Each structure stands twice: as C-alpha cells, then as structure tokens.
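Read through the structure below, which is laid out as structure tokens, and then see the notes.
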Amino acid sequence: MSKFHTSTSSTQLPQLTLSSTATLSPRATLQGTHPITIGDGAIIHPFAILNAAHAPIVIGAGTIVWERAEIGGSGNPVQSPAVSTNQDAPKADMAQQTTSIGSNVSVHPLSRVDTGAKIGDGAEVAVAAHVGAGAVVGARCRVGEGEIVAPGARIGVGEVLYGGGKRRVRHIGAGVVIGVREEERRALRELVKGGGGVGAGTTNR
C-alpha cells in the first residue's frame with residue numbers, strides 16, 4: 001500500500017526515481033502518470049504537490065519544495081499585465097515539455113510552477129508566486145511574493161521580479177550563499193523525516 005497521498009482513489013502513482021540523499025515527506029502528494037525524478041539532497045515538504053499529469057517532473061539537487069507548493073500544475077494560462085506572454089504557444093506543446101526545477105532552488109509555500117516551466121539553478125520562487133506553463137526563469141532569479149510569470153515568458157539570469165512586474169538585476173558577490181544554508185538544510189531534513197520517510201533510492205513503478 002502506498003504511503004503517498006494521491007488525488008484519486010486509484011493506487012497508480014507516477015514512476016518515481018528518488019536519490020538516496022533526497023528527503024520526500026510521505027505527506028507530499030504525487031499525481032499523474034509521467035515520471036518524477038528527485039535529485040541529490042532535495043527536500044520535498046509535507047503537503048507539497050508534484051503533479052505529473054501533463055508532463056514529467058525533474059527536481060534538481062539541493063532544491064527545496066516547501067509545504068503547499070505545487071509543481072506541474074494544469075498549465076491553464078494566467079493573465080499578467082506586467083510580464084509578456086507567448087499566447088500563441090499551443091497547449092499541446094506545453095504538455096510534452098518536462099517541468100524542470102534546477103539545483104538549489106527554493107519553491108516557497110503556496111507557489112505554483114506550471115507544466116513545462118523551467119526554473120534555473122539557484123533561483124527562488126517566493127510565497128504565492130505563480131510561474132506559468134512553459135515559462136523560463138533564469139539562474140539566480142527571484143520571483144517575488146505573489147508575482148506572476150505568464151505562460152511562455154522569460155526572466156533573464158539574475159533578475160528579480162517584484163512590485164507587480166517590475167524587474168531589476170541582483171548582483172551576487174563572491175562567496176554569497178544563495179538559498180538555504182547546509183545547517184538549515186540538515187534541520188529541514190530531520191523535520192520532514194519526523195513524519196516518516198521514503199526509503200532511500202526508492203523507485204515506484
């Protein structure tokens with residue numbers, strides 16, 4: 001009997017490839033039939049949703065998906081007056097794209113990253129932010145609280161999206177740590193494991 005929450009009464013789960021050093025809460029929700037891959041040291045919190053109904057999901061090393069964040073949503077278009085959208089991109093094409101979260105990314109509570117979106121290494125998707133289907137968020141970007149990146153839009157490397165779609169480039173100095181420090185990461189792993197964990201290296205088919 002699976003420990004994972006599913007959105008239906010079916011016992012079928014996505015094919016899951018979980019690194020031996022990743023931490024996946026048994027209270028996270030896994031949906032869909034496409035494969036899900038979770039990289040080294042990644043942490044998936046309770047009540048996070050990994051929805052592979054429309055396309056595969058790849059989550060990179062060291063990435064943290066916080067509680068009630070959703071990866072791989074429906075891909076329905078969202079409207080944003082501030083960030084341009086490629087409205088001609090067919091939904092069928094979006095459905096074929098892998099939803100890719102890079103390494104050392106933080107996807108915060110209540111945020112959404114829709115089907116086919118690409119999040120670069122070291123980026124941050126803040127609380128209640130929404131990255132639309134097929135959008136590309138560059139490495140070391142920050143999508144601010146409640147901000148919307150429209151489907152098909154592109155945010156350049158190091159850009160910060162804030163204040164209803166304003167953009168600026170953040171300058172990352174030498175030695176600056178982006179994301180969660182290792183000591184905080186260790187504490188998070190223990191917290192997530194506290195509710196029971198998934199065996200290292202688990203692959204569900």
Side-chain angles (χ1 to χ4, degrees), residues 2-8 10-78 86 89-108 111-125 129-139 141 143 149-155 198-205:
S2 170
K3 294 181 180 179
F4 296 110
H5 291 199
T6 57
S7 60
T8 69
S10 170
T11 58
Q12 184 179 17
L13 291 172
Q15 176 184 326
L16 172 65
T17 301
L18 181 67
S19 166
S20 61
T21 59
T23 303
L24 173 60
S25 170
R27 291 186 290 173
T29 297
L30 275 60
Q31 302 173 346
T33 57
H34 293 280
I36 295 175
T37 302
I38 301 175
D40 295 344
I43 301 172
I44 312 299
H45 276 251
F47 310 115
I49 299 172
L50 305 183
N51 184 351
H54 305 283
I57 295 172
V58 175
I59 295 176
T63 284
I64 300 175
V65 181
W66 295 80
E67 61 272 14
R68 304 192 190 283
E70 181 176 359
I71 307 296
S74 67
N76 291 333
V78 294
N86 178 8
K91 291 183 183 179
D93 289 346
M94 296 297 185
Q96 299 304 315
Q97 295 182 17
T98 296
T99 306
S100 176
I101 312 296
S103 300
N104 299 310
V105 173
S106 290
V107 182
H108 286 276
S111 60
R112 287 176 54 188
V113 178
D114 283 346
T115 296
K118 314 290 184 189
I119 309 296
D121 295 345
E124 180 181 8
V125 181
H130 186 172
V131 179
V136 176
V137 174
C141 283
V143 180
V149 180
R154 291 179 175 268
I155 307 297
V198 180
T202 295
T203 300
N204 288 336
R205 297 182 185 276

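Heavy atoms only: backbone and side chains are in, while hydrogens, waters and symmetry mates are out. Source: prediction; values computed, not measured.
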Shortest non-hydrogen pair, Ala52 vs Ile36, comes out as CB-CG1, 3.8 Å
For Ile44 and Ile59: C-alpha separation, side-chain torsions, deciding distance, then whether side-chain contact (heavy atoms from CB on, under 4.5 Å) applies.
CA-CA 10 Å; Ile44 312 299; Ile59 295 176; 4.0 Å; yes
Minimal non-hydrogen separation, Trp66 against Ala48, with atom names
O-CB, 3.6 Å
Starting from the C-alpha separation in whole Å, work towards a yes-or-no answer on side-chain contact (heavy atoms from CB on, under 4.5 Å) for Glu70 and Thr29.
CA-CA 9 Å; Glu70 181 176 359; Thr29 297; over 6 Å; no
Is the closest side-chain heavy-atom distance between Val137 and Val125 below 4.5 Å?
no
To the nearest 0.5 Å, atom CD1 of Ile119 lies from atom CD of Glu124 at 11.5 Å
Non-hydrogen atoms of Asn51 and Gly73 that approach each other most closely
ND2-CA, 4.4 Å
Distance only, no hydrogens: is a donor on one side chain within 3.5 Å (strictly under) of an acceptor on the other, for Thr98 and Ser100?
no
Rounded at 0.5 Å granularity, tell me how far CG in Leu24 sits from NE2 in His45.
11.5 Å
Any donor-acceptor N/O pair, Thr21 side chain to Gly41 backbone, under 3.5 Å:
yes
Correct closest heavy-atom pair for Val149 and Ala135 would be CG1-CB, 3.7 Å
Would you check if the side chain of Thr63 reaches a backbone N or O of Gly102 as a donor-acceptor pair within less than 3.5 Å?
yes
Run the side-chain contact (heavy atoms from CB on, under 4.5 Å) check on Leu16 and Leu50 step by step: do they pass?
CA-CA 11 Å; Leu16 172 65; Leu50 305 183; 5.9 Å; no
For a quick test of reading the model, state the closest non-hydrogen atom pair linking Ala22 to Ile38 and the distance between them.
CB-CG2, 3.9 Å
Does Asp40 reach the main-chain N or O of Ala61 with its side chain, forming a donor-acceptor pair under 3.5 Å?
no
Counting N and O atoms only, with roles assigned by atom type, does the side chain of Ser25 sit under 3.5 Å from a partner on the main chain of Arg27, one being a donor and the other an acceptor?
yes
Which pair of heavy atoms, one from His34 and one from Pro14, lies closest together, and at what distance?
O-CB, 3.1 Å
Supply the atom-to-atom distance Ile101 CD1 to Thr37 OG1, rounded to the nearest 0.5 angstrom.
12.5 Å
When rounded to the nearest 0.5 angstrom, what distance separates CZ in Arg112 from CZ in Arg68?
15.5 Å
